[in-house]
Amino acid sequence: MSKFFAFLSRMKYIKRWSLMRSVREENIMEHTLEVSLIAHALAVIKNKNFNGNVNVEKVVLISQYHEVGEVITGDLPTPIKYFNPEIKSAYKEIEKGACERILNMLPEDLKGEYLEYILPDENSEEYKIFKCADRLSAYFKCVEEIKAGNGEFKKAKKSILNELKSLKREEVDYYLNEFAPAYELTLDELD
C-alpha cells in the first residue's frame, strides 16, 4: 500500500501566511494550483514571445509538486526561513528530507517518474521559471488581501513587486504588464 497520494491530499490542511492576519486563509493545495497556472503561462510566454526553449510540462510539474514536503514540515514563514544563511541552509535540508520521505512512499517502479519534479534541479531554467511563478502568486495574494481592506500586506506587496521587477526576466515583465492589472479588478469589472 502506497501512502503517497493520501499524504499529498493533506496539502489542503496546511495554511500559508501564518504570521500575517489574512482576510481569507490560503492553503498550500490551492496555492499550488495557482503557481502551476502562472508557471504554465510564464513558460509559454518565454517560448512563444522570447525565443525560449523550456520544457513547459516540466515547469508545470515542478510547480505542481513544489509544496509536497510541507505536508510534513508545515509552511515555515519566509522571514524565518530566510532569517540568516544558517537557518536557510538547515531548512533546505529539512525540506529535502521531507520530500525524500514522501518520494519513498511511492512504489519503487514509479519513484523515477516523480524524482525530477519533487527534487528538481534548482539551476534549470524550468525551476527558475517556477520560482518566478511562486513569487507572482505571493504578490497576487498581497493584492487580494489589500483589495479586501487588509493593510497588513502592503509592505509585502511592495517588496515582492520590487523583487519581481529586479529579476529582469522578460516573461515576468510581460505577465506583470499584460495580466497583473486585472487582479486589481472587481468581479463586475472583470465581466
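Counting from 1, the numbers follow the sequence of the chain as shown. Hydrogens, waters and symmetry mates play no part in the numbers below; they use all other heavy atoms, side chains included.
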Just wondering, are more than 12 heavy atoms of other shown residues or ligands nearer than 6.0 Å to OH in Y13?
no
Using the side chain to side chain contact (heavy atoms under 4.5 Å, CB included) definition, which of the options L61, L42, I62 pairs with F130?
I62
Measure the shortest side-chain to side-chain distance between E152 and E145 over non-hydrogen atoms and say whether it is less than 4.5 angstrom.
no
Honestly curious: do V56 and L37 fall in one hydrophobic cluster under the side-chain, below-4.5 Å linking rule?
no
Within the supplied structure, the quantity of interest is the number of heavy atoms (other residues, nucleotides, ligands) at a distance under 6.0 Å from K147 NZ; does it exceed 12?
yes
Are the charged groups of E26 and K141 less than 4.0 angstrom apart, N to O?
no
N53 atom CG: more than 12 heavy-atom contacts under 6.0 Å:
no
Distance-minimising heavy-atom pair for A98 and I72:
O-CD1, 3.7 Å
Contact summary for E125 and V54, nearest pair of heavy atoms
CG-CG1, 3.2 Å
Testing the basics here: between R21 and N150, what is the closest heavy-atom pair and its distance to 0.1 Å?
O-ND2, 2.5 Å
Does Y174 share a hydrophobic cluster with V143, counting links as ILVMFWY side-chain heavy atoms below 4.5 Å and allowing steps through other members?
yes
State plainly whether one hydrophobic cluster holds both I129 and Y127, where clusters connect Ile, Leu, Val, Met, Phe, Trp and Tyr through side-chain heavy atoms under 4.5 angstrom apart.
no
Counting only heavy atoms not in N51, do more than 12 fall under 6.0 Å of its CG?
no
Step through the shown structure and confirm whether more than 12 heavy atoms of other residues, nucleotides or ligands are within 6.0 Å of NZ on K12.
yes
By ring pair (Phe, Tyr, Trp, His ring centres under 6.0 Å) - contacts of Y139 (at least two apart):
none
All N/O donor-acceptor pairs, side-chain side in residues 181-188, below 3.5 Å, sequence neighbours left out:
{"from": "Y183", "atom 1": "OH", "to": "Y175", "atom 2": "OH", "distance (Å)": "2.9"}
{"from": "E184", "atom 1": "OE2", "to": "K157", "atom 2": "NZ", "distance (Å)": "3.4"}
{"from": "T186", "atom 1": "OG1", "to": "E189", "atom 2": "N", "distance (Å)": "3.2"}
{"from": "T186", "atom 1": "OG1", "to": "E189", "atom 2": "OE1", "distance (Å)": "3.3"}

Is a side-chain donor or acceptor of E113 paired with a backbone partner of L110 at a separation under 3.5 angstrom?
no
State the CD-CG distance between E34 and D134, to the nearest 0.5 angstrom.
10.0 Å
Where the side chain of T32 meets the backbone of I28, is there a donor-acceptor pair that is under 3.5 Å apart?
yes
Identify the two heavy atoms, one from C142 and one from I160, that lie closest to each other, and give their separation to 0.1 Å.
SG-CD1, 4.0 Å
When you group the ILVMFWY residues by side-chain heavy-atom contacts below 4.5 Å and let the links chain together, are L167 and V59 in the same group?
yes
In Å, rounded to the nearest 0.5 Å, how long is the span from CG of L33 to CD of Q64?
9.0 Å
Within 6.0 Å of NZ in K92, more than 12 heavy atoms from elsewhere:
no
hydrophobic_cluster_shared for I38 and Y117, side chain cutoff 4.5 Å:
no
Keeping to residues at least two apart or across chains, list the ring-ring contact (aromatic ring centres under 6.0 Å, His included) pairs with something in residues 26-55.
H31-H66
How far does CD of E144 sit from CD1 of I146, to the nearest 0.5 angstrom?
11.0 Å
Does K111 NZ have over 12 foreign heavy atoms under 6.0 Å away?
yes
Candidate pair T73 and I14, rule side chain to side chain contact (heavy atoms under 4.5 Å, CB included), full reasoning
CA-CA 9 Å; T73 67; I14 310 299; over 6 Å; no
With a 4.5 Å cut-off on side-chain heavy atoms, are E100 and L119 touching?
yes
Interatomic spacing from NZ in K154 to OG in S159 - rounded to 0.5 Å:
16.0 Å
Working to the nearest 0.5 angstrom, can you tell me the gap between E171 CD and C132 SG?
6.0 Å
Grab the two heavy atoms, one from S2 and one from P107, that are nearest each other, plus how far apart they are.
OG-CD, 3.8 Å
So how far is it from E126 CD to K46 NZ, rounded to the nearest 0.5 Å?
10.5 Å
